[in-house]
Chemist: 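One structure is given below, represented as structure tokens, and several questions about it will come after.
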Amino acid sequence: MSDMIRATGLVKRYKNTTALAGLDLIVPEGTVLGLLGPNGAGKTTAVRILATLLQPDEGTAEVAGVDVLADPMGVRARIGLSGQYAAVDEHLTGFENLEMVGRLYGMSRQTASARARALLERFDLVEAGDRPSKTYSGGMRRRLDLAGALVAEPPVLILDEPTTGLDPRSRQQMWAVIRDLVSDGTTLLLTTQYLEEADLLADDIVVIDHGRAIAQGTADELKSRTGGERIEVVVADVARLDDAVRALAVVAHGEVQADPARRSVTAAVEDDGAYRLMRVLQALSDDGVELLDVGLRRPTLDDVFLTLTGRVAEGDDAAGSTTEEVSA
Amino acid sequence: MSTTPTSTGPTRTSPTGTSPVRALTDGWVVAKRNVIKIKRVPEILVFVLLSPIMFVLLFAYVFGGAIDPGAGLDYKEFLIGGIFAQTVVFGATFTGAGLAEDMQKGIIDRFRSLPMSRSAVLVGRTTSDIIYNVLSLAIMALTGLLVGWRVREGVLDALAAFALLLLFAYAISWVMGYIGLLVPSVEVINNASFLVIMPLTFVSNAFVPTERFNSFLRPFVEWNPVSAVTQACRELFGNTSAAVPVPDAWSMQHPVLYTLLWVVGILIVFVPLSVRQYRIASSR
Ligand SMILES: Nc1ncnc2c1ncn2[C@@H]1O[C@H](COP(=O)(O)OP(=O)(O)O)[C@@H](O)[C@H]1O
Ligand SMILES: [Mg+2]
């Protein structure tokens with residue numbers, strides 16, 4: 001038994017939407033699977049089914065060899081869940097929250113208390129440990145919630161968008177914590193809207209849209225399908241847009257996308273982004289095309305989507321579309 | 001942030017999350033959490049304690065002169081058992097509102113993802129609400145003594161009356177808890193429970209002697225469990241008088257037993273109903 005999570009044909013319907021339309025997932029022991037998708041893709045629904053919080057309309061799922069429908073208690077004893085919204089009690093202190101979770105796992109008072117203190121230490125919450133958690137920052141609350149998921153040292157960990165809504169510093173901190181965890185051999189299912197995050201943390205990535213997987217592979221495989229870095233230029237005069245398209249086509253890997261509304265032209269390049277960007281700029285300058293903005297950036301979920309589906313991700317905040325800009 | 005996982009895994013004191021023992025131990029852990037909240041948000045407590053004082057004073061001085069239960073019995077004496085019963089029934093609204101609030105909080109997802117007893121959240125809430133009732137009964141008793149109420153039977157009988165009130169309140173807590181899970185909105189709970197509680201407490205012998213009701217309402221009054229609790233308290237406190245005859249109905253002749261039957265009946269019906277509803281409500 002080497003697959004710690006195995007889900008087959010998961011379907012979940014709501015009145016007006018099909019949240020999951022036949023999703024398969026496999027996470028081998030000791031690996032990290034990134035479930036990547038925009039808002040509303042069905043990530044949380046999948047997570048809730050695997051964590052026994054929700055029952056699928058169709059399909060089966062096993063976690064650590066235990067069937068989620070047949071033995072939900074058995075599954076709960078083997079997983080740690082940190083949901084999209086921190087599941088902590090705001091009136092309890094960090095310590096009280098963790099101790100309570102330990103007690104509810106059936107630990108003795110001493111064990112639960114010792115475990116709580118150890119986790120506060122590990123997650124850099126010692127100082128705040130005896131304050132009610134409603135005084136915590138968003139990042140601290142997420143860390144406390146993650147600590148709650150780790151109280152019983154579960155072999156399988158499920159994290160639903162662990163860094164959404166965090167500021168860049170807290171995000172970095174959370175990434176460090178998660179990398180630390182998986183180096184211990186914990187099996188992890190992680191959902192995210194950030195390609196960068198999946199790239200950094202996951203061994204394998206499943207891209208989902210409208211409740212079904214539309215691509216699967218390692219970060220490198222996905223990137224080679226979607227191209228590497230993006231060159232983007234914004235022209236001053238929309239009449240010169242076609243000239244810009246021609247200049248980018250010379251260095252592009254795949255199609256060049258023009259957006260007349262933004263007067264922008266984007267192209268993926270395979271490698272040597274900076275060098276190719278220079279060549280584009282040279283050509284445009286020789287041609288007398290005036291530019292308002294130039295950028296070289298890593299591909300985002302939007303780019304993956306555009307390449308895989310030919311359309312832009314629909315989520316209201318398909319995040320990461322502008323955050324990773326690297327000016328050239 | 002150092003990588004120092006503890007060497008031993010969790011020590012499980014009891015194996016399964018479904019055993020009745022786990023329901024109690026887990027329920028106790030959740031109850032402790034609720035009690036901590038009482039300490040951290042003391043404003044709630046102030047209201048819990050002020051409203052019974054207001055009830056006693058209002059009825060003693062506003063209606064005290066208007067309603068005469070009969071010769072030889074002061075209305076305040078007649079009244080106090082009724083106020084006790086009414087207040088603990090109203091107090092059960094807290095259970096409904098508290099659970100409704102719990103269901104909207106993120107912590108419920110944590111509870112649901114743990115291998116803990118399914119009924120722990122309910123057991124915890126109904127248990128911690130006993131504390132509210134103990135406090136409000138104590139405050140009411142003191143206020144009552146100040147306005148002239150007296151315990152005329154033994155201390156043991158009086159304690160039995162309080163125990164009966166707490167038991168009855170506990171059972172009603174489960175009813176309100178069920179409603180709280182059915183419609184998880186604090187505003188709706190307050191209004192819905194009003195619809196149930198107002199007729200129960202006012203069409204009873206709590207404020208008006210049974211024989212003052214017309215013959216159409218009288219059977220309801222006589223078999224109303226709130227009447228039984230009230231009657232039991234009056235008898236155990238010794239606040240009775242020949243001027244207020246006990247109706248012939250079996251429920252009024254055996255108010256303690258009749259109340260206990262209600263308590264058992266309510267628990268048998270509403271504990272499983274609530275546990276089931278908790279499962280439905282928390283997986284929405
Ligand atoms: N309780 C629910 N009732 C109705 N629709 C829901 C419910 N939960 C989720 N959905 C819908 O299912 C789809 C998938 O939601 P979700 O799994 O939360 O997506 P994600 O986590 O990827 O943002 C969305 O269209 C969402 O609106
Ligand atoms: Mg989600």
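Predicted model, so just to flag it, every value in this text is computed and none were measured. Chain letters run A, B, ... following the sequence lines, proteins first, then strands; residues in each count from 1.
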Chemist: For the residue pair Leu92(A) and Arg40(B), what are the closest heavy atoms and their distance?
Modeler: CA-NH1, 3.8 Å
Chemist: To the nearest 0.5 Å, what is the distance between CG on Asp89(A) and CD1 on Ile36(B)?
Modeler: 8.5 Å
Chemist: Kindly give the heavy-atom pair with the smallest separation between His91(A) and Val41(B), and that separation in Å.
Modeler: CE1-CG2, 3.4 Å
Chemist: Taking every heavy-atom pair that is under 4.5 Å apart, which of Asp145(A), Ile79(A), Leu150(A) has the most such pairs with chain B?
Modeler: Asp145(A)
Chemist: Could you tell me which portion of Ala114(A) (side chain, backbone, both or neither) has an atom closer than 4.5 angstrom to a non-hydrogen atom of chain B?
Modeler: neither
Chemist: Roughly how far apart are Arg103(A) CZ and Lys32(B) NZ, rounded to 0.5 Å?
Modeler: 6.0 Å
Chemist: So for Arg141(A), is it side chain, backbone, both, or neither that comes closer than 4.5 Å to the heavy atoms of chain B?
Modeler: neither
Chemist: May I ask you to check whether over 12 heavy atoms, not counting those of Gln55(A), lie within 6.0 Å of atom CD?
Modeler: no
Chemist: At a 4.5 Å cut-off on heavy atoms, which part of Glu90(A) comes close to chain B: side chain, backbone, both, or neither?
Modeler: side chain
Chemist: Nearest heavy-atom pair of Ala87(A) and Gly106(B): which atoms, and what distance?
Modeler: CB-O, 3.2 Å
Chemist: Using a 6.0 Å cut-off, check whether atom CZ of Arg131(A) has over 12 heavy atoms from anything other than its own residue.
Modeler: yes
Chemist: Nearest 0.5 Å, please: how far is CG in Asn97(A) from CZ in Arg110(B)?
Modeler: 9.0 Å
Chemist: Tell me if the CH2 atom of Trp175(A) is crowded by more than 12 foreign heavy atoms within 6.0 Å.
Modeler: yes
Chemist: Should Asp109(B) and Leu81(A) be marked as a side chain to side chain contact (heavy atoms under 4.5 Å, CB included) after you check the CA-CA gap, both sets of side-chain angles, and the distance that decides it?
Modeler: CA-CA 9 Å; Asp109(B) 272 353; Leu81(A) 169 69; 5.5 Å; no
Chemist: When rounded to the nearest 0.5 angstrom, what is the spacing between CE in Met100(A) and CZ in Phe111(B)?
Modeler: 4.0 Å
Chemist: Starting at CE of Met73(A), measure out to CZ of Arg22(B) and round the result to the nearest 0.5 Å.
Modeler: 8.0 Å
Chemist: Write out all pairs satisfying side chain to side chain donor-acceptor pair (under 3.5 Å) with one or both partners inside residues 130-139 of chain B, taking only residues at least two apart or from two chains.
Modeler: none
Chemist: Does Ser113(B) offer a backbone N or O that forms a donor-acceptor pair with the side chain of Arg76(A) under 3.5 Å?
Modeler: no
Chemist: Highest number of heavy-atom pairs under 4.5 Å with chain B: which of Ala149(A), Pro154(A), Ser82(A)?
Modeler: Ala149(A)
Chemist: Against chain A, label Leu114(B) side chain, backbone, both or neither, depending on which of its atoms sit under 4.5 Å from a heavy atom there.
Modeler: both
